[in-house]
Amino acid sequence: MNALHPLRLVQPGTVNEAVAALVENPEARLVAGGTDLLVNMRRGVQQPNLLVDASGIPEIKQLTLNADEVTIGAGVTIATLANDALIASRYRALAEAARTIAGPSHRKVGTVGGNLCLDTRCIYYNQSEWWRQANSYCLKNRGETCHVAPNGNRCHAAFSGDLAPALLVLRAEIDIAGPNGVRRIPLSEFYAEDGKAHLTLQPAEVVVKVRLPTNQITSSYQKVRVRGAIDYPLAGVAVALSRSGPDIAQLRIALTGTNSRPFLLAGTDAFERRPLDDQMLKEIDRRVQQQVQPMRTTLMSANYRRLAAAGIARRLTTALFNALEVA
Ligand SMILES: Cc1cc2nc3c(=O)[nH]c(=O)nc-3n(C[C@H](O)[C@H](O)[C@H](O)COP(=O)(O)OP(=O)(O)OC[C@H]3O[C@@H](n4cnc5c(N)ncnc54)[C@H](O)[C@@H]3O)c2cc1C
Ligand code: SF4
């Protein structure tokens, strides 16, 4: 990796000041924990001339329980989320996802906002400058061709953040501050299926907080990765489920690591008001395999990631359904 290029750093004390700094300098980037951005900068894939450091903004560091929602500031660290008793008891999938992110030192400084805004990943992109130059740059950075799908004109780099699928099944919304004030959107509208432009964040916008309704159903998250102790998801799945007697009452499944965006599996309402049986598990498997789009962006084969995603979805759905039966 290269040394960091020369740059300036500003340290705003409020979200408004951060937005103003980003408006003033369109080349600037917000940095939170820096565990993703600084690595990319040292690889030369991102080279902002100014960093706007969000670590000194108290208003985005709160984790608060209100009457009907929990709000999690974008600056809350992954370690805080992983160790919080309220999160573990009400939002199990979120706590489980947080505990699988990177290693202890990354979790200590890495943040919720940084995790949701994580850059997409690909073996042709997450490489040193000299490697990418030697192998001719690709469409996502400086090149003209995608080495994964050379006949297409889009980047298929995969979104590999662990929190997003958990938050999607928990029906999260996010507050985003920008030059025109604050807007609130469902998290599902935050992402687009394009590895080069996977966030719907507008210039100078900052994620401020995540909102989670307090009325929740049981949920869980699992992922497969190359190194069990520290690694991004090759495929990650969150499931939220409730029962009504022998039937499924509600079922939501969300995925990460397989597409350029994390997404809620479409069509799970067809499984509601039906008992969980082998036929339904086959249908869940089929829907997952149809909707995931893993490409050759990791050393692990795309088909393995497809099968793993379907397998985890079946396994988690079964486990949550059975656990509610004995509860
Ligand atoms: C070895 C290693 C292993 C890792 N493993 C995992 C893993 O298993 N799972 C996983 O999910 N991640 C993993 N990561 C990535 C990273 O550590 C985490 O995703 C972390 O949560 C990122 O948060 P951060 O605050 O450090 O982000 P930063 O690096 O500070 O920022 C990341 C991006 O988000 C933007 N950003 C940050 N905050 C905001 C905000 N409030 N509003 C708008 N934009 C914002 C930044 O501009 C930047 O583009 C790993 C990283 C490393 C180095
Ligand atoms: S998917 Fe293609 S364009 Fe995107 S990072 Fe990989 S090689 Fe580059």
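Counting starts at 1 for both ligands and their atoms, in listed order. The structure displayed is predicted, hence computed values, not measured ones.
A single hydrophobic cluster is seen to contain both I284 and L316, as judged by linkage of ILVMFWY side chains at heavy-atom distances under 4.5 Å, directly or through other members.
Residues R287 and I253 have side chains not in contact (no heavy-atom distance under 4.5 Å, counting atoms from C-beta outward). With contacts defined as side-chain heavy-atom distances shorter than 4.5 Å, the pair L65/T214 qualifies. You'll find the side chain of E193 reaches within 4.5 Å of the side chain of S260, heavy atoms only. Looking at R171 and N215, their side chains come closer than 4.5 Å, going by heavy atoms from C-beta outward. Using a 4.5 Å heavy-atom threshold, the side chains of L81 and L163 count as touching.
Near A74, meaning under 4.0 Å from one of its heavy atoms, ligand 1 places the atoms 41 (N). Every atom of ligand 1 with a heavy atom of L201 under 4.0 Å away is listed here by number and element: 43 (C). Atoms of ligand 1 found under 4.0 Å from any heavy atom of D36, numbered from 1 in the order shown, are 29 (O), 32 (C). For ligand 1, the atoms lying closer than 4.0 Å to a non-hydrogen atom of T100 are 8 (O). Near G161, with a cut-off below 4.0 Å to any heavy atom, the atoms of ligand 1 are 11 (O). Here is the list of ligand 1 atoms found below 4.0 Å of a heavy atom in T35: 16 (C), 17 (O), 18 (C), 20 (C), 22 (C), 23 (O), 24 (P), 26 (O), 29 (O), 53 (C). Within ligand 1, counting atoms from 1 as listed, the ones closer than 4.0 Å to a heavy atom of R29 are 47 (O), 48 (C), 49 (O). Which parts of ligand 1 touch G33 is read off a 4.0 Å heavy-atom cut-off, strictly below it: atoms 24 (P), 25 (O), 26 (O), 30 (O).
The residue among G114, G110, S55 with a heavy atom at the shortest distance from atom 37 (C) of ligand 1 is G114.
Protein heavy atom in closest approach to atom 23 (O) of ligand 1: T111 N, 3.3 Å. Distance from atom 2 (C) of ligand 1 to its nearest protein heavy atom, with residue and atom name: H106 NE2, 3.9 Å. Closest protein heavy atom to atom 9 (N) of ligand 1: D162 OD2, 2.7 Å. Closest protein heavy atom to atom 36 (N) of ligand 1: C117 CB, 3.9 Å. Of the protein's non-hydrogen atoms, the one nearest atom 40 (C) of ligand 1 is L30 CD2, 3.3 Å. Protein heavy atom at the shortest distance from atom 28 (P) of ligand 1 is G34 N, 3.5 Å. What sits closest to atom 51 (C) of ligand 1 on the protein, heavy atoms only, is Y232 OH, 3.0 Å. Closest protein heavy atom to atom 18 (C) of ligand 1: N115 ND2, 3.7 Å.
Shown here is R273, whose CZ atom has no more than 12 heavy atoms of other residues, nucleotides or ligands within 6.0 Å. The number of heavy-atom neighbours closer than 6.0 Å to CH2 of W130, taken from other residues, nucleotides and ligands shown, is 12 or below.
Counting heavy atoms closer than 4.0 Å to ligand 1, residue K223 contributes side-chain atoms (C-beta onward) but none from N, CA, C or O. Under 4.0 angstrom from ligand 1, the non-hydrogen atoms of S160 all belong to its backbone. Counting heavy atoms under 4.0 Å from ligand 1, residue D231 touches it through the backbone alone.
Residues N16 and T14 have side chains that never bring a donor and an acceptor to within less than 3.5 angstrom of each other. Looking only at atom types and distance, the side chain of Y137 has a donor-acceptor partner in the side chain of E129 under 3.5 Å away. With hydrogens and angles left out, the side-chain atoms of R305 and T298 include a donor and acceptor closer than 3.5 Å. Side-chain polar atoms of N49 and N25 form a donor-acceptor pair below 3.5 angstrom.
Ion pairing of E96 with K223 is absent here, as no side-chain N (NZ or NE/NH1/NH2) approaches a carboxylate O to less than 4.0 Å.
Look at L116 and you'll find every heavy atom at least 4.0 Å from all atoms of ligand 1. The closest approach between D119 and ligand 1 stays at or above 4.0 Å for every heavy atom of the residue.
Listed here is the closest heavy atom pair of V15 and E59: N-OE2, 3.0 Å.
Considering both main-chain and side-chain atoms, L37 comes within under 3.5 Å of ligand 1 through a nitrogen or oxygen pair. Between A102 and ligand 1, a contact under 3.5 Å exists for at least one N or O pair. Where the criterion is an N or O separation shorter than 3.5 Å, residue side chain and backbone included, V206 fails it with respect to ligand 1.
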Under the criterion side chain to side chain donor-acceptor pair (under 3.5 Å), I'd like the reasoning laid out for Q127 against R43: C-alpha separation, chi angles, the key distance, then a yes or no.
CA-CA 6 Å; Q127 300 287 354; R43 286 183 166 144; over 6 Å; no
So F159 and Y191, ring pair (Phe, Tyr, Trp, His ring centres under 6.0 Å) or not? Walk me through it.
CA-CA 10 Å; F159 180 82; Y191 297 103; 5.2 Å; yes
Kindly determine whether Y124 and R132 satisfy side chain to side chain donor-acceptor pair (under 3.5 Å), including the steps that lead there.
CA-CA 7 Å; Y124 293 96; R132 287 177 300 108; over 6 Å; no
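Under the side-chain hydrogen bond (donor to acceptor under 3.5 Å, both in side chains) test applied with Y125, the options T120, D119, N141 reduce to a single match, D119.
Around atom 4 (Fe) of ligand 2, the protein atoms of type N, O or S found under 2.8 Å away are C155 SG, listed by chain and number.
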